[in-house]
Amino acid sequence: MLLLTCPHCGIAAEETEFNPGGEAHLKRHGPGASDEDFEGYLFLRHNVKGPVLERWRHSYGCGKWFLAARDSVTLQVYGTYPASLAHPSDEVGDSVRAAHPNWRTQI
Amino acid sequence: MSRPSAPPPGPFRLASGGRLIDRAYSTGFRFNRRHLRGFKGDTLASALLGSGVALVGRSFKYHRPRGILASGVEEPNALLGLGQGGRFEPNQRATTTALMPGMVTESQNAWPSLDSDVGAINAPLWRFFPAGFYYKTFIHPRAAWLNVFEPVIRRAAGLGRAPKQADPDRYEQAYGFAETVVVGGGIAGLSAARDAAREGGRVLVLEQTPHWGGRTPVDHAGGEARVGALLDELRGMENVTLRRNTQATGLYDHGYLLARESLADHDPKADLPRQRLWRIRAGRVIVATGAHERPIAFAGNDVPGVMLASAVRDYIVNWAVAPGRRIAVVTSNDDAYRTALAALDAGLEVAAVIDARPVADGRLPQAVRARGVEVLTGTGIAGVRGGKLISGVDLCAQDGAGKVTGRLDCDCVAMSGGWSPVVHLWSHCGGRLLWDEPGGFFRPEPSRPPTGPDGAPNVAVVGAADGDLAVAALTGAEVEAPSAQVWLMPAQATRKARFKMWLDYQNDVKVSDVVVAAQEGFVSVEHAKRYTTLGMATDQGKTSNVNGLAVLSEALAQPVAATGTTTFRPPYTPLTFGAIAAEAKGAIFQPLRRTPMHAWHEARGAAWEPVGLWRRPYTYPQGGETHTDAINREILAVRGGVGMLDASTLGKILVTGPDAGRFLDMVYTGMMSSLPVGKCRYGLMCNDNGFLIDDGVVVRLAEDQWLCHTTTGGAERIHGHMEDWLQCEWFDWKVYTANLTEQYAQIAVVGPKARDLLEALGGMDVSAEALPFMTFADGELGGHPVRLYRISFSGELSFELATPAGRGLALWEALMAAGKPFGVTPYGTEAMHVLRAEKGFIMIGDETDGTVIPQDLNLHWAISKKKADFIGKRAQERSFMASPDRWRLVGLESLDGRMLPDGVYAVAEGVNANGQRNVQGRVTSTYASPTLGRPIAMGLVAHGPERMGEILEFPVKGADSVRARIVDPVFYDKEGTRANG
Ligand SMILES: [Zn+2]
């Protein structure tokens, strides 16, 4: 069971206090989007072995959504940051690159 | 406990010794109806052995007689049924169960009795049930499976029997936190705990048995004193907690450790919870779980009396029990000689030490020789004499094929094939293992440890668990030569002999089975394991894994390192369902949500319907009414007069802020920003997949305020959905949401006399002119503050009254009193369902199932064509969503007056690729309508609305198909005049 720290209220809590929300930084495609773009938005996920950026909600705490950089192999949590950021913060990015020097976001 | 004047020691109890028993307390217990006695401090296993019971059970597949093999958690054979009634438990390990006064125990897998088991008569037959038997029979013709194999397997399969009554014991759970958790209270664990405690931080030490010290007090001179000194030091440290009787069962992500503490196992009089499940967060875990001794694969190694060498000396030293009077030791290492010495010290006879190695001249073998015991090097066991108890062994050359060179009479064989570190916890959450070739075991690969949330290693392994079997630095022992790798005895054993060499005692897997698996191509260790079921029993192969892997490797002619090992998974030992559930059962299994009027409903004898965590009145039966009668009465009362429904459970989400209208236009398919203040509008919500997820009435309270009603089960989910979009997509929009569901009680007053009732209460103008359909007003009715909505889910003249939750019951009672002259009738959820179905109104969860779009339900009118975007709009433009072939909502009218069963399918011409009839629709709602005096149904049908009047055929199980006509889903008041009242 993971330990995650909510960047909004600062609380480190058990996984059961959160709800997962899948891959982060998806670009929403609405009316007018091509079938290809829409399919990508709705169905296609990176699902990599290694660092992933994902959505979590502090459901049984402050109720806020946030994003986490987490390793899908080692389960290391590189950091968490508010859902309003378009990219991981520099601090989180540095933490990922400390373990994976060539890592780049796939946003 | 009693204090009899002369406790009978049992025929195999030694006259003196026994460091763990208290001879002052003799304890009676029953085994298969025999009355036996043991001492306080005994385990069930030591008490049975002390009483001379060698045969304790029958094996799973062949019903072979089985005796006690081990002295700890690794025991595969001695699984007993324990207790009576609700406290009965199957598969309890005798070796880890403390003897309690009056304990009632029984052997398993034997009928009619342990001594004359019918299953064993079939044993020759079972020879034909080789490795992969289950897989092979599944492939055979179906008839053979049904008529031949299944009945045989059903009679024989299963281990133990399940209890039939509820468990009367209490269980509890607790949370624990420590910077360091040490698992294992042997000398390595205690020493590591002391070192950790000196560094600072909380240290928690968990020991699975009631005793500290592990093997050290039995195996090493002065061991008890060394352990005692460590314990004294630890007990004096404030940051150390020592917890015995606590089994760490699983290590999970980020240092989450589960442990079961036995508080009052099998002691119902203790007035304590029976077990406590610890949910521990450990900064780091130090694994000091020791090692398990391995059996040797020789023919007949499962005959009662053949035991692990370490167990034999444990019974002698710890419990003063003689596993036999004349013991033969068979070994591949020096350690087993300790057993010969312990037996001699206890005055028992040692027939010989049979050592597979060509030379044995270490300190321990020399010490045994010096005591006059013959050491037969280069020798193995060719076979075992005896059935229910060993009477002797045939000897052979270890490097030969098994030609008998001599025999030894004995009533116990103490065997040792070396030791395997207990690496389970290390492996549970990702720690890798390496094959230690000189040692002949798997041990933790130090460079590939489990890691914590920060990516740093969070598990360390010490002592025997790390492959340091003698823990010489702490025990003072001399380092011994590693065990020889003796995987078969003799090395060139015949095919016939391999049929009698057991690897996995509990699942009856033999050397021959593993060889067959290899020959049939199961070269992957994970496949071979599943094919043979090696290591898949309740003991998870603690004594069999490494032996099995070695035999597999030999059959594949590759080193063990190349074969690798299977994955260790939690739990290390079985957990009780009681401990997993703990207090979360019965009334407090989950929270119960009650409306403000709950007590009123309860007092009226309401039958309840669970909806999410809510309880809603299903119907209010009166006198001897059946539910059906009560529901029909309630429906007719609403249609003919006035009824009242507790609608408090409807979700109520306030959405406010400068961008609230814009936001709701995205969330709903319809236009909500244009809704005038004071008005109500029905809305549909979809996800971005286009599928309908919720519906309800939206109310514009003020210029920047909307109140969104959701379905009863949907409030939290829909609030979360809104917050997801607000926080993650449109986080710069100025919108605030609040889930006010529990802040308001809501009452529906429904029927042609609804207005009369409200007027009788007085205080607000509720005329059609002042309060038209789909509007609301704030005010007071009979002195109660209300928000009065004119909305209808029944097709009748209808008002919904919201009031602060604390005043809900008072308002309800006032309405009931004012409604008395009108015959006001409280009605429940089932009447509500029928009323809505008679009107063709959809219900989320009935007409929708996560694959239905609003267009399927002919709800185009609730989808705005003006809006550029809303959640789900793009998806609904996909070709499959826009297809004219989608199943769409219609009414269904049974031709012969039978009700259509819920969920049945309408068949079409032809068959699909699987040979099943093609289908063209299904029933989504079906009810008996008392209003119409006939059954009604709704369903989704291909091209449905274009096929009015067509007849569909619905096959039903065990009866003729129901034929039904496609009709308009609005069955009642098609013009919709009644709601306008
Ligand atoms: Zn939070």
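Order of the sequence lines fixes the chain letters, A, B, ..., with proteins taken first and strands second; residue numbering starts at 1 for each chain. Computed from a predicted model, the values in this text were never measured in an experiment.
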Q: Using non-hydrogen atoms and a 4.5 Å limit, figure out which bit of A:Leu2 sits close to chain B: side chain, backbone, both or neither.
A: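 Looking at A:Leu2, backbone and side chain both touch chain B.
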Q: So B:Gln855 and B:Gln876, side-chain hydrogen bond (donor to acceptor under 3.5 Å, both in side chains) or not? Walk me through it.
A: CA-CA 9 Å; B:Gln855 292 85 340; B:Gln876 288 163 9; 3.1 Å; yes
Q: In Å, rounded to the nearest 0.5 Å, how long is the span from CG of A:Leu53 to CG of A:Leu85?
A: 11.5 Å
Q: Which answer fits B:Asp688, side chain, backbone, both or neither, if we ask what part of it has an atom under 4.5 Å from a heavy atom of chain A?
A: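 Its backbone and side chain both get close to chain A.
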Q: Please evaluate residues B:Arg279 and A:Glu14 with respect to the criterion side-chain contact (heavy atoms from CB on, under 4.5 Å), reporting the C-alpha separation (whole Å), side-chain torsions for both, the decisive distance (0.1 Å), and the verdict.
A: CA-CA 11 Å; B:Arg279 307 167 67 157; A:Glu14 305 256 331; 5.9 Å; no
Q: Any idea how A:His100 and A:Tyr78 line up, ring-wise: parallel (<30°), tilted (30 to 60°), or perpendicular (>60°)?
A: perpendicular
Q: Taking every heavy-atom pair that is under 4.5 Å apart, which of B:Leu726, B:Thr451, B:Asp454, B:Asp869 has the most such pairs with chain A?
A: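 Result: the option with the highest number of such pairs is B:Asp869.
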Q: So which residue, B:Ser879, B:Ala875, B:Gly872, B:Gly452, ends up with the most heavy-atom pairs under 4.5 Å with chain A?
A: B:Ala875
Q: Chain B heavy atoms under 4.5 Å from A:Tyr41: which part of the residue, side chain, backbone, both or neither?
A: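 For A:Tyr41, the contact with chain B is made by the side chain alone.
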Q: Just checking, B:Arg260 and B:Trp278: is the charged tip under 6.0 Å from the six-membered ring centre and within 45° of the axis?
A: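 No, cation not above the ring by the 6.0 Å, 45° rule.
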Q: For A:Phe43, which atoms come within 4.5 Å of any heavy atom of chain B: side chain, backbone, both, or neither?
A: side chain
Q: Side chain, backbone, both or neither: which part of A:Arg70 has a heavy atom under 4.5 Å from chain B?
A: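 Contact with chain B: none, neither part.
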Q: Less than 4.5 Å to any heavy atom of chain B: does that hold for the side chain of A:Asp71, its backbone, both, or neither?
A: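 Contact with chain B: none, neither part.
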Q: Pick one of side chain, backbone, both or neither for B:Glu723, based on which atoms fall under 4.5 Å of a heavy atom in chain A.
A: both
Q: Which bit of B:Ala868 comes within less than 4.5 Å of chain A, counting heavy atoms only: side chain, backbone, both or neither?
A: backbone
Q: Find the distance between CD (A:Glu36) and CG (A:Leu44) and round it off to the nearest 0.5 Å.
A: 9.0 Å
Q: Would you please indicate if the ring centroids of B:Trp730 and B:Trp725 are separated by under 6.0 Å?
A: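 Distance test on ring centres: under 6.0 Å, yes.
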Q: Using ring centroids (six-membered ring only for Trp), state whether A:His29 and A:Phe38 fall under 6.0 Å.
A: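 Centroid distance A:Phe38-A:His29: not below 6.0 Å, so no.
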Q: For B:Asp732, is it the side chain, the backbone, both, or neither that has a heavy atom closer than 4.5 Å to a heavy atom of chain A?
A: neither
Q: At a heavy-atom distance under 4.5 Å, which candidate from A:Pro31, A:Ala99, A:Ser95 has the highest pair count against chain B?
A: A:Pro31
